[in-house]
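Quick notes on the structure that follows.
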Amino acid sequence: MKKVRTRFAPSPTGYLHIGGLRTALYGFLYSKMNGGDFILRIEDTDTARYVDGSVQIIYDTMRDSKIMYDEGPDVGGDFGPYVQSERKNIYTEYAKKLVELGGAYYCFCSPERIETLKDDAGNMRYDKHCLSLSKEEIEQKIANGEPYVIRQNVPESGTGTYYDLVYGEISVDYKDIEDGILIKSDGMPTYNFANVIDDHLMGITHVIRGIEYLSSTPKYNLMYDAYGWERPVYIHLPPIMKDAQHKLSKRNGDASYEDFVKKGYVKESIVNYIALLGWSPKGNVEKMNLDELIQNFSLEGIGKSPAIFDETKMKWLSGEYIKEMSDVEFKEKAYEFLKQSKAYGKYDEDKLLSLAKGRVSIYSEIAEKIDFLEEFGDYELELFENQKQKSSIELAKDLLPKIKSTLESLQDWNNSSLFNALVELSASLEVKKQALLWIMRIAITGKQSTAGGATEVADILGKEATLERIDYSINKVNK
Ligand code: GLU
């Protein structure tokens with residue numbers, strides 16, 4: 001069997017959006033599961049849409065997400081150049097060949113003439129006007145320096161049929177396909193031409209790309225057939241929707257990989273989630289790192305129906321990855337986000353991180369989980385009133401001085417010694433320990449819910465700050 005070769009062929013038009021990265025990921029997974037090659041090709045022939053810096057974004061995103069290619073502009077390979085704007089001569093040569101084969105023709109029609117072909121809605125169908133030019137006429141016009149394009153010569157009748165691995169048999173009547181431009185007047189190819197030439201010359205066996213190319217594929221097949229080349233296997237991917245009505249698209253500014261990393265998602269979880277957008281694994285397991293994805297991926301699992309991008313689910317996955325992380329890894333990855341908390345620099349950072357770790361799904365939630373440590377101030381006395389915890393303002397008035405003296409004499413200041421001391425105190429006072437811990441928590445945080453129990457918080461605050469806060473609260477309940 002031929003070695004599997006897949007490619008990702010983005011146009012450098014801005015951020016690498018989620019849909020693009022999914023295409024890359026599926027191509028990567030399919031090649032890797034078959035011991036094949038994954039190629040990156042930059043499709044930059046549409047200069048009007050070119051955005052400076054976006055090629056670098058593509059390189060960076062693919063490396064960062066570990067969807068790494070074996071061949072590409074910045075890593076080389078035997079099938080280069082891998083940037084289309086550097087392949088102009090190749091396209092010219094093959095376009096000429098296609099003209100000779102009857103699959104394309106020179107067109108010298110002026111923009112004014114093209115204008116007259118437009119219908120009321122502004123749609124244009126080229127009328128094959130230049131197809132009838134003789135060889136001599138064409139040579140003469142070229143010699144005169146007349147501008148021209150090269151158009152595909154699509155049959156006027158008949159049907160183009162092929163089998164797509166996801167969407168099944170696709171048929172398009174040639175009468176519905178127009179003689180599109182293959183080479184523009186500036187000598188640059190259009191996507192419609194370049195994708196065929198490059199996929200063939202680069203030995204691509206499986207073309208994996210978005211559904212928007214499903215119905216134009218018959219016109220590409222006409223070219224493969226005209227050259228006598230083997231058609232690749234086609235795998236078109238379902239669209240990714242923001243919701244039932246709206247497509248997720250970079251034109252609408254929908255998020256890119258980079259945005260989600262900035263938002264604090266675990267990188268592996270983004271890739272993991274993207275894999276699930278249109279592909280369903282066989283078992284129930286959805287959390288899979290890249291190696292597991294390579295092992296489990298299958299083209300049969302790709303569905304036809306649009307995938308809905310569900311950020312809540314991605315967040316859940318991210319949280320699952322955090323749960324599995326070692327403290328060391330969490331610290332390394334979360335540190336930049338820890339810095340955004342008001343509590344940063346004020347307390348032991350390892351304790352802050354462990355307070356946050358089991359409680360966040362994405363790193364950027366760290367601040368909101370631990371900022372409370374630095375937000376102590378005036379609070380509602382009513383917070384002490386809690387029937388469920390068997391707590392009241394009266395009880396707080398009674399217990400707080402006792403808690404204070406217990407803690408003052410405590411030797412080791414850590415979560416478990418604090419906890420033991422307070423449990424002992426509650427037993428000797430014959431009050432429910434949950435009531436005492438509730439009162440302690442309100443007294444040192446002023447909040448009814450915080451990350452971490454009263455003693456964990458007291459441990460982080462340290463003895464001095466904890467006792468200060470208890471004093472403040474004793475004053476408050478006695479006012
Ligand atoms: N350059 C095309 C795009 O960005 C690639 C389509 C393809 O994979 O063939 O949409």
Side-chain angles (χ1 to χ4, degrees), residues 4-31 37-51 53-59 61-62 67 69 71-73 79 81-88 91 152 162 164-167 170 180-182 184 188-224 229 231-240 247-252 254 256-257 274 277-278 299 302:
V4 168
R5 287 174 60 85
T6 60
R7 86 306 192 265
F8 176 47
S11 303
T13 54
Y15 286 100
L16 188 44
H17 62 130
I18 293 301
L21 201 61
R22 181 193 58 176
T23 305
L25 177 61
Y26 286 9
F28 170 84
L29 293 175
Y30 190 68
S31 72
D37 299 322
F38 177 55
I39 289 103
L40 174 68
R41 178 172 79 224
I42 300 295
E43 302 206 326
D44 59 347
T45 58
D46 188 351
T47 45
R49 290 181 59 215
Y50 185 84
V51 175
S54 47
V55 173
Q56 195 58 44
I57 291 178
I58 294 167
Y59 297 158
T61 305
M62 295 185 74
I67 305 175
Y69 37 94
E71 298 168 28
F79 298 79
Y82 294 94
V83 178
Q84 286 186 331
S85 57
E86 294 167 19
R87 299 171 64 80
K88 203 170 159 182
Y91 305 124
Q152 186 172 9
Y162 73 102
D164 179 86
L165 280 197
V166 174
Y167 288 91
I170 303 295
I181 295 177
L182 303 179
K184 295 179 275 189
M188 278 295 211
T190 55
Y191 168 80
N192 289 335
F193 187 55
N195 90 86
V196 171
I197 302 307
D198 290 347
D199 284 340
H200 173 73
L201 294 181
M202 294 181 182
I204 303 304
T205 55
H206 295 71
V207 167
I208 302 177
R209 64 184 163 208
I211 191 175
E212 57 273 30
Y213 300 98
L214 187 71
S215 59
S216 27
T217 295
K219 66 187 176 204
Y220 310 146
N221 285 334
L222 281 171
M223 292 187 250
Y224 281 98
W229 295 342
R231 300 176 184 180
V233 175
Y234 293 108
I235 297 129
H236 287 95
L237 305 178
I240 303 177
K247 258 185 86 170
L248 196 71
S249 81
K250 61 178 159 183
R251 283 180 209 178
N252 297 332
D254 286 326
S256 63
Y257 172 84
I274 288 177
L277 286 170
L299 296 177
I302 302 176

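Read the numbers this way: they start at 1 and go in the same order the structure lists the ligands and their atoms.
- At a 3.5 angstrom cut-off on N or O pairs, Ala9 counts as close to ligand 1.
- Within the cation-pi definition used here (under 6.0 Å to the ring centroid, within 45° of the axis), Arg5 qualifies as a partner of Phe79.
- Residue contacts with ligand 1 for Tyr191 involve side-chain atoms from C-beta outward but no N, CA, C or O (heavy atoms, distance under 4.0 Å).
- By the 3.5 Å distance cut-off applied to N or O atoms, Glu212 is not counted among the residues near ligand 1.
- When each atom of ligand 1 is checked for a heavy atom of Tyr213 under 4.0 Å away, the hits are 2 (C), 3 (C), 6 (C), 10 (O).
- Using a 30° and 60° split on the angle between ring planes, Trp229 and His200 fall in the parallel class, below 30°.
- Between the side chain of Arg41 and the backbone N or O of Gln84 there is no donor-acceptor pair closer than 3.5 Å.
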Please evaluate residues Thr61 and Tyr15 with respect to the criterion side-chain contact (heavy atoms from CB on, under 4.5 Å), reporting the C-alpha separation (whole Å), side-chain torsions for both, the decisive distance (0.1 Å), and the verdict.
CA-CA 9 Å; Thr61 305; Tyr15 286 100; over 6 Å; no
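- Of the listed residues (Gln84, Arg7, Glu43), the one carrying the non-hydrogen atom nearest atom 8 (O) of ligand 1 is Arg7.
- Taking the six-membered ring where tryptophan is involved, the planes of Tyr69 and Tyr59 are tilted, since the angle between them lies from 30° to 60°.
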